[in-house]
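Numbered from 1 within each chain, the chains take letters A, B, ... in sequence-line order.
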Number of protein chains: 2
Amino acid sequence: MANDTCIRLQADIEQIKSCREKLKSNSKSFLQLGQVLALAGNEVRLKILFLLEEENELCPCDLSDILGMSIPAISQHLRKLKDGNIIEARKAGQTIFYSLRSEHLKTLRPFFKFINQQNLATV
Amino acid sequence: MANDTCIRLQADIEQIKSCREKLKSNSKSFLQLGQVLALAGNEVRLKILFLLEEENELCPCDLSDILGMSIPAISQHLRKLKDGNIIEARKAGQTIFYSLRSEHLKTLRPFFKFINQQNLATV
DNA sequence: TTTGTATTTAAGTATTTGCTTAAATAAGTA
DNA sequence: TACTTATTTAAGCAAATACTTAAATACAAA
């Protein structure tokens, strides 16, 4: 945070002040949305989320097969998604089924929509 | 990619096959969307994108003031967004104004909408 | 109880990320 | 021309990320 040169001479001080306030009043949203986007911004996790939306629920073993990745790698991605409250777990015997939490569906649905639209466009 | 244990005994082979195909036919979308989400998944860059949407265009110096960060730090974030084709630059004298590229607005708008909705909800 | 299956956890590591400081460009001004 | 301003680039570094392998946990069946 070196105070080198700024602020610039012709800067619109009012604009800068207003921007600072906008950030401040939305700070919670930026943190919250940023976390969800950071999780979805990994290609493996994006695929996992997409598959959970499509199939309703899947277990780590199935995801490992589908994505061609090791089980621990999948499990660690699932933990991140679970820690971020994006997915939840259901136990059935020794199998654990993961599914999307409805609270975040509103945020995620535009992504899925985008993917399905792209698919229609290219086929 | 250790082939440790999977696939599980009661796995639905058809489901796994169908999922693999879904991923394959959408592979371009996952790559593309994943890159945009990875860029937006950083809180600083999310704020920059939000501000560019609100203010139309801003220069690195203004963003540095608004966000309270060094100019090089801002500049490097802007370069990432530019490399990802999310923003574009316009030169005016020695000042460079950055703005959102319209192609990606469709993907980004739900985020801004979310932020503004949250703001309404909490005020 | 032993064995096998499904999953998680832990430790190690190579790569990426996001900043820092210092130097390099580029364009206006004196 | 030299000096300031706006921005980028480069090098260095601490922290985070995403995998690996090996060990631990939990449940079910023989």
Write down the protein N/O and nucleotide N/O pairs, taken from nucleotides 9-11 of chain D, whose separation is under 3.5 Å; answer none if there are no such pairs.
from, atom 1, to, atom 2, distance (Å)
D:dA10, N6, B:Gln76, NE2, 3.2

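If you take CG of B:Leu63 and P of D:dT8, they are 10 Å apart, rounded to a whole angstrom. Atom pair B:Arg90:CZ and C:dA26:P shows a separation of 20 Å (rounding to whole Å applied). Nucleotide D:dT17 holds its P atom 12 Å from the CG atom of A:Asp83, rounded to whole Å. Rounded to whole Å, atom P of D:dA6 lies 16 Å from atom CG of B:Leu78. Atom-to-atom, CD of A:Glu43 to C1' of D:dC19 comes out at 15 Å; the value is rounded to the nearest Å. Distance B:Lys47 NZ to C:dG18 C1': 15 Å, rounded to the nearest Å. Rounded to an integer number of Å, the gap from A:Gln10 CD to C:dG28 P is 11 Å. If you take CD1 of B:Ile74 and P of C:dG18, they are 12 Å apart, rounded to a whole angstrom.
For B:Tyr98 and D:dA6, the shortest distance from a side-chain N or O to OP1 or OP2 is not below 4.0 Å. Within the 4.0 Å cut-off from OP1 or OP2 of D:dA18, at least one side-chain nitrogen or oxygen of A:Asn42 is found. Contact annotation: B:Lys82 side-chain N/O to D:dT8 OP1/OP2 distance is not under 4.0 Å. Distances shown here put a side-chain N or O of B:Ser70 below 4.0 Å from the OP1 or OP2 atom of C:dT20.
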### Task
Let me have a per-nucleotide readout for nucleotides 24-30 of chain D, 5' to 3', with B, S or -, counting only protein heavy atoms under 4.0 Å.
--SBS--
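Nearest heavy-atom pair across B:Leu46 and A:Gly34 is CD2-N, 3.8 Å.
Residue B:Leu105 is grouped with residue A:Ile115 when hydrophobic side chains (ILVMFWY) are merged at heavy-atom distances under 4.5 angstrom, including chains of intermediate members. No chain of hydrophobic side-chain contacts below 4.5 Å, direct or via other Ile, Leu, Val, Met, Phe, Trp or Tyr residues, connects A:Phe97 to A:Ile86.
Closest to the side chain of A:His77, from the set C:dA6, C:dT8, D:dA18, is D:dA18. Comparing D:dA18, D:dT8, C:dG18 by their closest approach to the side chain of B:Ile71 singles out D:dT8. Looking at the side chain of B:Pro60, the nearest of the listed nucleotides C:dT7, D:dT7, D:dA18 is D:dT7.
Ring centroids of A:Phe111 and B:Phe111 are separated by less than 6.0 Å, placing the two rings close together.
A salt bridge is defined here as a Lys NZ or Arg NE, NH1 or NH2 lying under 4.0 Å from an Asp or Glu carboxylate O, and A:Lys113 with A:Glu53 fails to meet this definition.
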### Task
Before giving the answer on side chain to side chain contact (heavy atoms under 4.5 Å, CB included), spell out for B:Lys47 and B:Leu67 the whole-Å C-alpha distance, their side-chain angles and the decisive distance to 0.1 Å.
CA-CA 8 Å; B:Lys47 286 175 178 171; B:Leu67 291 163; 3.8 Å; yes
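With rounding to the nearest 0.5 angstrom, the CG atom of A:Leu39 is 7.5 Å from the NZ atom of A:Lys80. A:Cys61 SG to A:Ile96 CD1: the interatomic distance, rounded to the nearest 0.5 Å, is 12.0 Å.
B:Arg45 has its side chain out of reach of B:Leu78: every pair of non-hydrogen atoms, C-beta onward, lies at least 4.5 Å apart. A:Leu63 is not listed as a side-chain neighbour of A:Met69, based on a closest heavy-atom distance of 4.5 Å or more.
Of the two residues contacting DNA chain D, namely B:Cys59 and A:Ala38, the nearest-nucleotide position lying further toward the 5' end is that of B:Cys59.
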